[in-house]
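One structure is given below, encoded as structure tokens.
Within every chain, numbering begins at 1; the chains are lettered A, B, ... in the order of the sequence lines, protein sequences first and strands thereafter.
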2 protein chains.
Amino acid sequence: MKTSSRRARARRYPDDRGAPPAAKRGRPRSRLTITDIARLAGVSKKTVSRVINRAPYVQADTRARIEAIIAEHGYQPDPQARGLAFRRSFLVGLIHDNPNPQYVENIQLGILDSLAGRGYELVIRPCDRRGPGFLEDMRGFVERLRLFGVVLIPSVSEDDRLAKLLESADCPYVRIACASVDKPQRMVLTHDARGAAAAARRLAELGHRRIAYLSGPPLFRSAHERGAGFIAGLAEYGLELAPDLAVLGAYTYESGLARGRELLARPDRPTAIFAGNDEMATGVYSAAHELGIRIPQDLSVIGFDDAPIATRIWPAMTSVRLPVREMGRTAAEGLFATPKAAAAKAPVAEFTPSLIERESTAPPPRARPTRS
Amino acid sequence: MKTSSRRARARRYPDDRGAPPAAKRGRPRSRLTITDIARLAGVSKKTVSRVINRAPYVQADTRARIEAIIAEHGYQPDPQARGLAFRRSFLVGLIHDNPNPQYVENIQLGILDSLAGRGYELVIRPCDRRGPGFLEDMRGFVERLRLFGVVLIPSVSEDDRLAKLLESADCPYVRIACASVDKPQRMVLTHDARGAAAAARRLAELGHRRIAYLSGPPLFRSAHERGAGFIAGLAEYGLELAPDLAVLGAYTYESGLARGRELLARPDRPTAIFAGNDEMATGVYSAAHELGIRIPQDLSVIGFDDAPIATRIWPAMTSVRLPVREMGRTAAEGLFATPKAAAAKAPVAEFTPSLIERESTAPPPRARPTRS
DNA sequence: GCGTCTATGGTAACCGGTAGCATAACCGTG
DNA sequence: CACGGTTATGCTACCGGTTACCATAGACGC
């Protein structure tokens, strides 16, 4: 009877379609649990739990013995069980809509640098902040996963609706964004303006006077920030950005190519172009090649990001670099800050870009640099 | 007494340092649970569970009523609790050591295409298969997380030790790798050889005879595969790859630049170079620029991967394309295959690359193509 | 010697789900 | 109309941890 009953059970769910495969998979062979460790050590689960969580009230030798047993058996507490009890998962989310894979990858690596060895994992979540149901999606994501924390990178890091949502969902977060923030917030700041100013100074020093700025799209705060910094840098040399030499791109190669063609086809074309990012600067390179304009002899170009492509095109491009991986690491570290520090809403860290000089800049044709 | 006892308790962990912040965080306000839904619907937890898991033996109207209540309240079952009971998490891992961020990003996006709406999440795990403790790390990772499945991409996808480990850990996996496999396995196959053969045919048709192959490092199976395909393609036109024109690179820009310089400095330099990937092909571009060798008039170049850089350098590069995002999606789909299909160990899918012709190929100098 | 405090460890309940089994209702059939 | 088989549903234990609360053993002060 027992047997036949079991056999009947084996044929479960006769009309089952679409049940999660997880439910059908064979059981993995069971591993050691906290109960096993407690039994091996001759103590209670509670004591082992104290050791795992580094809680006090465990004798030093007891602690050492338990730790030895844990190490010997390679025991790893189950994050799902711990998370269930803690009402918090051991997952850190990266929410992003950044079109630059190199940037995203470096952020990921930086976050993982910080997570390594802590027992937390990184969950990736791309998004479209202008898509329908964006906020609902995000809410579902963070609530369902009970994320330990979230890192946001541009441009979604500039979306205050999302920040507000994360707060209401009680999900800690750190934003990476450039420095023009009105109120104190929990973020990793990048001083894009300073990098852009450095680019402006360098072009001014080389003697350029007709200098163009190829801006990123207004959706990105960095576009404004870099533009403002560039203008400020020029002003230090008594230069102004002529209105007709400030043109709007989209942070894409294609927009750089199109705007580059237009700028360089003018009779009084600029002798230098500062592009809001390397993608657009690369487009300017192509436009120059098409028109037979030599870089850097006829045209100086500076980009922003110091993407790998900056050294892969010819001539190697001068660009502005941010320590992206380090920024990712720092942002993740910020999630582990003490509650007090987190409540302070102060910036987690600030980064200033550096100008990496290569072969795409030179004095303008028929002109002499003001100094070296 | 009671009160003072509680107050004493509030000062818990007086010398606590290093306890997981999760344990210290305030509790998120509690959400709806399956018990709440059951109460609202006037049924038992078990019945709600059946609805969630699409199990049979629930009356259609009961099911509809429960689904309506779930939708109305935006209830989402807790993946940690489900995972604990299932002994399986709802996480899919991507284990990778691929140096190409564009490739990795597209794989990620493809996997996420497949996971979207299924309630599974993507966890990223870079690795170094030659580092110390590689296998132990991986074992700890997959066992601790009880991963639902893992996607592997080159070159770690070619590591049989890891495949064996995943099997012994009862962790389903799908590998993306090129087609030269000896035994049938659960993988997404890419016919890199066919793409390389197409490149060879094209160069032969244009009339090239002195053709070089710049190989990737032996660690990558794709390097052999592409080389073999290229040689086979040449053979169709009665051509051979001269031993001195097969050189070894490292899939990096720098190696492409160095090998390119050497190849192009020879008195009898090749009129065409097929590089194992776009990074190296870009290095060849730079070497040609340095030496004043024009592309494509003096030198034809074909790369592999169709990376974004292929269209951003000048002249736009002919390259071989694989549908990377689609491959990632397909690999993830493979994890959801029925147990029967999974046990079959048959390939999940196969992809053949296509040759994307751009401006970096032309007939050799002072020669006439054999046909169009 | 006794009450109080501190250090330590045990027990039961719980986190939010799922699995096994019992049971009731329904169905057609001999 | 009793009966076996199928469908629908609920009860209870359990997944692997953590917490609340309690019990006990020494140390200490009077």
Side-chain angles (χ1 to χ4, degrees), chain A residues 1-2 4-6 8-15 19-20 22-24 27-28 30-38 41-53 55-63 66 75-90 144 146, chain B residues 1-2 4-6 8-15 19-20 22-24 27-28 30-38 41-53 55-63 66 75-90 144 146:
Chain A
M1 277 295 91
K2 197 82 179 171
S4 83
S5 158
R6 276 210 187 119
R9 278 290 152 210
R11 193 180 59 78
R12 285 187 11 247
Y13 296 173
D15 61 350
K24 296 177 170 181
R27 288 277 178 272
S30 63
R31 305 166 341 194
L32 251 52
T33 71
I34 197 173
T35 311
D36 300 318
I37 300 296
V43 297
S44 71
K45 283 166 60 177
K46 172 67 184 178
T47 304
V48 179
S49 174
R50 283 200 178 99
V51 170
I52 292 171
N53 292 297
Y57 303 142
V58 180
Q59 270 185 347
D61 59 338
T62 305
R63 184 183 298 269
I66 293 173
Y75 165 71
Q76 305 187 93
D78 186 325
Q80 299 198 111
R82 297 225 293 159
L84 182 58
F86 277 137
R87 296 171 180 79
R88 248 326 159 196
S89 75
F90 289 83
R144 176 160 39 82
R146 296 180 189 270
Chain B
M1 280 298 90
K2 197 80 178 174
S4 84
S5 156
R6 279 211 184 119
R9 278 288 155 215
R11 193 183 57 78
R12 283 185 13 246
Y13 297 175
D15 61 349
K24 296 177 167 179
R27 289 276 180 277
S30 64
R31 304 166 342 193
L32 251 51
T33 72
I34 197 173
T35 310
D36 299 319
I37 301 296
V43 299
S44 72
K45 282 165 60 177
K46 175 68 181 176
T47 301
V48 178
S49 173
R50 286 198 177 97
V51 171
I52 292 170
N53 292 298
Y57 302 140
V58 180
Q59 270 186 348
D61 59 337
T62 306
R63 187 182 296 271
I66 294 173
Y75 165 71
Q76 304 188 94
D78 185 326
Q80 300 200 110
R82 295 224 293 159
L84 182 57
F86 277 137
R87 295 172 182 78
R88 245 335 154 188
S89 75
F90 289 83
R144 176 160 39 82
R146 298 180 188 269

Whole-Å distance separating the [atom1] atom of [X] from the [atom2] atom of [N]:
X: A:L84; N: C:dT18; atom1: CG; atom2: C1'; answer: 12 Å
X: A:R87; N: D:dG16; atom1: CZ; atom2: P; answer: 20 Å
X: A:Q80; N: D:dC14; atom1: CD; atom2: P; answer: 20 Å
X: A:R88; N: C:dG16; atom1: CZ; atom2: C1'; answer: 17 Å
X: B:F86; N: C:dG16; atom1: CZ; atom2: P; answer: 17 Å
X: B:Q59; N: D:dT9; atom1: CD; atom2: P; answer: 4 Å
X: A:L32; N: D:dG16; atom1: CG; atom2: C1'; answer: 12 Å
X: A:I34; N: D:dG17; atom1: CD1; atom2: P; answer: 6 Å

Output the single nucleotide from [options] whose closest atom is nearest the side chain of [X].
X: B:S49; options: C:dT18, D:dG16, C:dG9; answer: C:dT18
X: A:Y57; options: D:dT9, C:dA13, C:dT8; answer: C:dT8
X: A:Y75; options: D:dG17, D:dT18, C:dG10; answer: D:dG17
X: A:K46; options: D:dT9, D:dT19, D:dG17; answer: D:dT19
X: A:V43; options: C:dC15, C:dG10, C:dG16; answer: C:dG10

Worksheet, complete the sentence: Residues at least two apart in sequence or cross-chain that pass side-chain contact (heavy atoms from CB on, under 4.5 Å) with A:I34, listed by chain then number, are A:K45, A:V48, A:S49, A:I52, A:Y75

Fill in: Qualifying residues under side-chain contact (heavy atoms from CB on, under 4.5 Å), relative to B:A81, sequence neighbours excluded
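Result, side-chain contact (heavy atoms from CB on, under 4.5 Å) vs B:A81: A:L84, B:D78.
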
Practice prompt. Not counting sequence neighbours, which residues clear side-chain hydrogen bond (donor to acceptor under 3.5 Å, both in side chains) with B:T62? List them please.
Written response: none

Discussion item. Among residues at least two apart in sequence or on other chains, which ones pass side-chain hydrogen bond (donor to acceptor under 3.5 Å, both in side chains) with A:T35?
Written reply: none

Response to the item:
Per-helix bend value, the helix from C:dG1-D:dC30 to C:dG30-D:dC1, C1' rotation axes over five pairs per end, 10° rounding, shows 50°

Fill in: Spacing of CD1 belonging to B:I66 relative to CD1 belonging to B:I37, to within rounding of 0.5 Å
9.5 Å

Worksheet item: Which comes earlier along DNA chain D counting from the 5' end, the contact point of B:K45 or that of A:T35, where each point is its nearest nucleotide?
Response: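 Its nearest nucleotide lies further toward 5', so the answer is B:K45.
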
Discussion item. Does D:dC15 have its OP1 or OP2 closer than 4.0 Å to a side-chain nitrogen or oxygen of A:T33?
Written reply: no

Worksheet item: Is the phosphate of C:dG16, meaning OP1 or OP2, less than 4.0 Å from a side-chain N or O of A:R146?
Response: yes

[X] versus [Y], closest heavy-atom pair with distance:
X: B:F90; Y: A:Q80; result: N-OE1, 4.4 Å
X: B:R144; Y: A:P79; result: O-CD, 3.2 Å
X: A:Q76; Y: A:R31; result: O-NH2, 4.0 Å

Item to complete: Please work out if A:T62 contacts a base, only the sugar-phosphate, or nothing of the nucleic acid, heavy-atom cut-off 4.0 Å.
Response: sugar-phosphate

Discussion item. With a 3.5 Å cut-off and heavy atoms only, can you find an N or O donor on one side and an acceptor on the other between the side chain of B:R50 and the base of D:dT9?
Written reply: yes

